[in-house]
Protein chains: 2
Amino acid sequence: MALIVQKFGGSSVRDAERVMNVARIVTDTYKAGNDVVVVVSAQGDTTDDLIEKAAEINKNPAKREMDQLLTAGEQISISLLAMAIESLGFPVISLLGWQAGFNTNSVYGFARIKNIRTNRLQAELAKHNIVVVAGFQGLNRYDDLTTLGRGGSDTSAVAIAAALHADKCQIFTDVEGVYTADPRKVTSAQKLDEITYDEMLELATLGAQVLNNRSVEMAKKYSVELEVLSSLNPVPGTIVKEKIKMEKMLIRGVTKDTDVALITVIGLSDNPGVAFQIFSKLAQRNINVDIILQSVGRDGTKDLTFTVSQANGPKAVELVEELTVSEGTKITCETNVAKVSIVGAGMESHPGTASTMFEALYAQNINIKMISTSEIKISVIIDTEDADRAVSAVHNAFLPND
Amino acid sequence: MALIVQKFGGSSVRDAERVMNVARIVTDTYKAGNDVVVVVSAQGDTTDDLIEKAAEINKNPAKREMDQLLTAGEQISISLLAMAIESLGFPVISLLGWQAGFNTNSVYGFARIKNIRTNRLQAELAKHNIVVVAGFQGLNRYDDLTTLGRGGSDTSAVAIAAALHADKCQIFTDVEGVYTADPRKVTSAQKLDEITYDEMLELATLGAQVLNNRSVEMAKKYSVELEVLSSLNPVPGTIVKEKIKMEKMLIRGVTKDTDVALITVIGLSDNPGVAFQIFSKLAQRNINVDIILQSVGRDGTKDLTFTVSQANGPKAVELVEELTVSEGTKITCETNVAKVSIVGAGMESHPGTASTMFEALYAQNINIKMISTSEIKISVIIDTEDADRAVSAVHNAFLPND
């Protein structure tokens, strides 16, 4: 008998029909002889509706009260799912985050799980109950409710799987698994049978949006085997684990991220401290810098180029202006750029990977503004208007349509 | 400085505008130098909406899961009210039932409060916070959420007032206080300045529906001074307390209850055990019997007449049939009857009260089917179609229009 943790997102439980569908998946797993813990998010647009209700009353409410409000969302979905499972004739109990033992720190709206006291969870499993747990939420040491931030239910599911040493953590979504590219845009996109944690992390960071990144990091840390699969179509999904069997595929996916602001600083004095100052200030302000490029400019000056998210663009420009006010530099911020990346653990041992990618872009006449490489990924910054064409071209170069 | 508990029902917080209105009432009380604890129900139709959502999934869900579901309603209203109070610039914190220390027994859907651990409440008041508490809900010894049943928020408010020895418990509703009759039907109905707990209990039982009965019982037990007043119209309401100053008014109110089933058993053998058997069986099945009348029938038999709520009518008839199957009795159940009552502590010392009431009904040609009297109330059972006319006639006899 295995212990399986299953997680269903908001769209999977958005109405009575979908809730019954989830109940059937869960009870099928239970009927097959498994212990089952189910983690659910709030139904459909519940969270957004509650945020809207709050905004009508207070534009900037205390984060503690916001968490008190939002946690009602999963409270509704867990009890409804428990009722659905009960209606199919199976023993079931729903648990709120705090009832399931989720202890977090006190960063309201983006709390971190400190630990899970599993005694209640284990007692309910010992009674052969299917246990339905509210994702996204926990309790801090003041006995106040906290939330883990958007996508937090994935993290809740992985945390329970880690705490209970579950055999598998299944993340049900509205896609059938992890694809080599966005299947709505690239017709030759293929579903992956397996992928490593590291590759998944790169794909998640790059905007694939299948799995919340914190949950993948946690799964890697505690060796929780993840499976990404569809709640609507019962076919095998994609397994995420530490080591996967070698496949012919050199790369695991091509992704596109358009939330990029490209900041260029021209004419920086060649003083070693300047770049350091800029990036340490950006870090202090919680501005994540992605790709950095430094090059020699005219007359002994340096040029610095880096990318941040579009929301952070104006703040980053302002900061750089403050720091270089005496330098006479020229600062620009471009937002009509996109990052296209290929990810794959296999590329380490294949020196030709980068040139295959660049060649595919060159053949399409797509101009590369920046390049960044890591052991398992290559990213390029290009014009946004070229992005979809670039993804297709690169995908076809590595994973041609059969 | 006084400590005031204020309770607002669902219609008082049904939308953002009403929530802001409540926030103003609360903060005005706080500004006047009082400590304030506010108890709120779920917004408007939230509870009914949640019940409907559940019914779509499971017609007869576990009561524990129903309570898990419904308690989300007040969770939403308390956090929204806290945000509204915050937006007016006052220190505030919202507490769920369990955070406020409400311990109940485990009768899901109709739990009784066992005690309130007030340490959190007192700590928040010591920090000069306005404390917004979720009514209607508590926690049992298994760490599961419970609800107190419809109208439970009144009980929550009175329980907090009792536990904190509050100076006053204000129950805000959509009427301006307790009236001598339904003001929508009887134009001469007058608002009472004061009323005793006992009178209020009789009025509540008789269908006045201003205050939940359990809350009045609790207020009487712990000598909590109640005030019933309007959340929309800032005028003094009705004070409910143990002893009130004498007024000229002989009676405190005339009420009508149409949820009455009148059951008649004709031809019961004159065996002393029979009536006892019937009522003990009814009690075992949780059927509340209101008025009972026994009279001598033909040929040494007895006739028995009693009233129950309409929902219990068929079950009561069935029970009586089982018990009297060998007796050859005739059993009827009438539902087109109503109970009209007058309530007033003053009538004890005024023997003419009953005859004034009967005379008023006689003058209107209204036939009385049954009469029941207690120290502070007289009830008559009449045809439903006469009920409104009866209330007006009786009201005018005791409290004539000025």
Side-chain angles (χ1 to χ4, degrees), chain A residues 13 15-20 23 42-43 46 49-50 52-62 64-88 91-96 98-101 119-120 123-124 132 134 139 142-145, chain B residues 13 15-20 23 42-43 46 49-50 52-88 91-96 98-101 119-120 123 132 134 139 142-145:
Chain A
V13 291
D15 54 28
E17 194 185 321
R18 288 282 179 94
V19 170
M20 287 309 305
Q43 288 190 295
T46 307
D49 290 347
L50 290 173
E52 205 173 293
K53 258 175 184 284
E56 280 177 33
I57 285 170
N58 189 330
K59 293 290 174 212
N60 190 22
R64 182 212 179 259
E65 297 300 339
M66 203 64 196
D67 281 3
Q68 182 91 295
L69 176 69
L70 294 184
T71 45
E74 297 85 40
Q75 183 162 347
I76 294 169
S77 59
I78 57 168
S79 41
L80 292 178
L81 179 56
M83 291 174 191
I85 291 170
E86 185 197 1
S87 79
L88 297 178
V92 62
I93 192 161
S94 74
L95 297 178
L96 296 164
W98 65 268
Q99 289 174 321
N119 38 340
R120 177 83 190 256
E124 299 298 346
V132 181
L139 195 71
Y142 307 109
D143 267 1
D144 286 338
L145 303 181
Chain B
V13 291
D15 54 29
E17 195 185 320
R18 289 282 180 93
V19 170
M20 287 309 304
Q43 289 189 294
T46 306
D49 290 348
L50 290 174
E52 204 173 293
K53 258 176 185 283
E56 280 178 33
I57 286 169
N58 190 328
K59 293 290 173 214
N60 189 24
K63 289 205 166 76
R64 182 212 180 257
E65 297 300 337
M66 204 63 195
D67 281 3
Q68 182 91 295
L69 176 68
L70 294 184
T71 44
E74 298 84 41
Q75 184 163 347
I76 293 169
S77 59
I78 57 168
S79 42
L80 291 177
L81 179 56
M83 290 174 191
I85 291 170
E86 185 197 2
S87 78
L88 298 177
V92 61
I93 191 160
S94 74
L95 298 178
L96 296 163
W98 65 268
Q99 289 174 321
N119 40 340
R120 177 81 190 257
V132 181
L139 195 71
Y142 306 109
D143 267 1
D144 285 337
L145 302 182

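Sequence lines set the chain letters: A, B, ... in the order given, protein chains first and strands last, and positions in each chain run from 1.
- Chain B forms the most heavy-atom pairs under 4.5 Å with one residue out of A:N60, A:L69, A:T71, and that residue is A:L69.
- The two residues B:N58 and A:E86 come nearest to each other via the heavy atoms ND2-OE1, 3.3 Å.
- For a residue to count as touching a neighbouring chain, one of its non-hydrogen atoms must lie under 4.5 Å from one of that chain's; by this rule B:L70 does not touch chain A.
- Contacts of A:L88 with chain B are absent, with no heavy-atom separation under 4.5 Å from either backbone or side chain.
- Annotation: side chain of A:R64 is in contact with side chain of B:I93 (closest heavy-atom distance under 4.5 Å).
- Each of B:V19, B:V132, B:L96 has some count of heavy-atom pairs under 4.5 Å with chain A, and the biggest count is that of B:L96.
- Of all heavy-atom pairs between B:Q99 and A:D144, the closest is NE2-OD1, 3.4 Å.
- Between chain A and the residues B:A62, B:A16, B:S94, B:P61, the largest count of heavy-atom pairs under 4.5 Å involves B:S94.
- Of the listed residues (A:K53, A:K59, A:E56), the greatest number of heavy-atom pairs within a distance under 4.5 Å of chain B belongs to A:K53.
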For residues 76-84 of chain B, dump all side-chain donor-acceptor pairs below 3.5 Å to protein atoms at least two apart in sequence or in another chain.
from  : atom 1 : to    : atom 2 : distance (Å)
B:S77 : OG     : B:S41 : O      : 2.7
B:S77 : OG     : B:E74 : O      : 3.2
B:S79 : OG     : B:Q75 : O      : 2.8
B:S79 : OG     : B:I76 : O      : 3.1

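- Highest contact tally toward chain B, considering only A:D67, A:V92, A:L145, is held by A:L145 [criterion: heavy-atom pairs under 4.5 Å].
- Heavy atoms closer than 4.5 Å to chain B are found nowhere in A:D15, neither backbone nor side chain.
- B:W98 approaches A:L139 most closely through the heavy-atom pair CH2-CD1, 3.6 Å.
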